[in-house]
Amino acid sequence: KAKAPRRIKSVKPGKWTLGSKIGKGAFGVVHVGMNTETGGLMAVKSIRIDAVAMKDLRREIDLLKTLEHGNIVQYFGALQG
């Protein structure tokens, strides 16, 4: 029986690096990111806030917060910059 990947609670702001583009999502571009404290890889979605309805974005974030499965995305948080 395969072990489920360890779930990470959060990634600290400024403690990750942005890598190459790996795709496009519903609201923006997706890049590979790396947690500089652990070396763990993650997907980082960059969006243009003016290009998306806040209601739709909030709905996606709320959904991502509830997902808990080893084969799907885990939500760490959002930064505005």
- Is there a path of hydrophobic side-chain contacts, each under 4.5 Å between heavy atoms of I, L, V, M, F, W or Y residues, that connects Val29 with Val44? no
- Item | For Ser46, side-chain contact (heavy atoms from CB on, under 4.5 Å) partners two or more places apart | His31
- Item | Spacing of Trp16 atom CH2 and Met34 atom CE [to the nearest 0.5 Å] | 12.0 Å
With a cut-off of 3.5 Å and sequence neighbours excluded, list every side-chain donor-acceptor pair involving residues 57-65.
| residue | atom | partner | partner atom | Å |
| --- | --- | --- | --- | --- |
| Arg59 | NH2 | Asp56 | OD1 | 2.4 |
| Glu60 | OE2 | Lys45 | NZ | 2.6 |

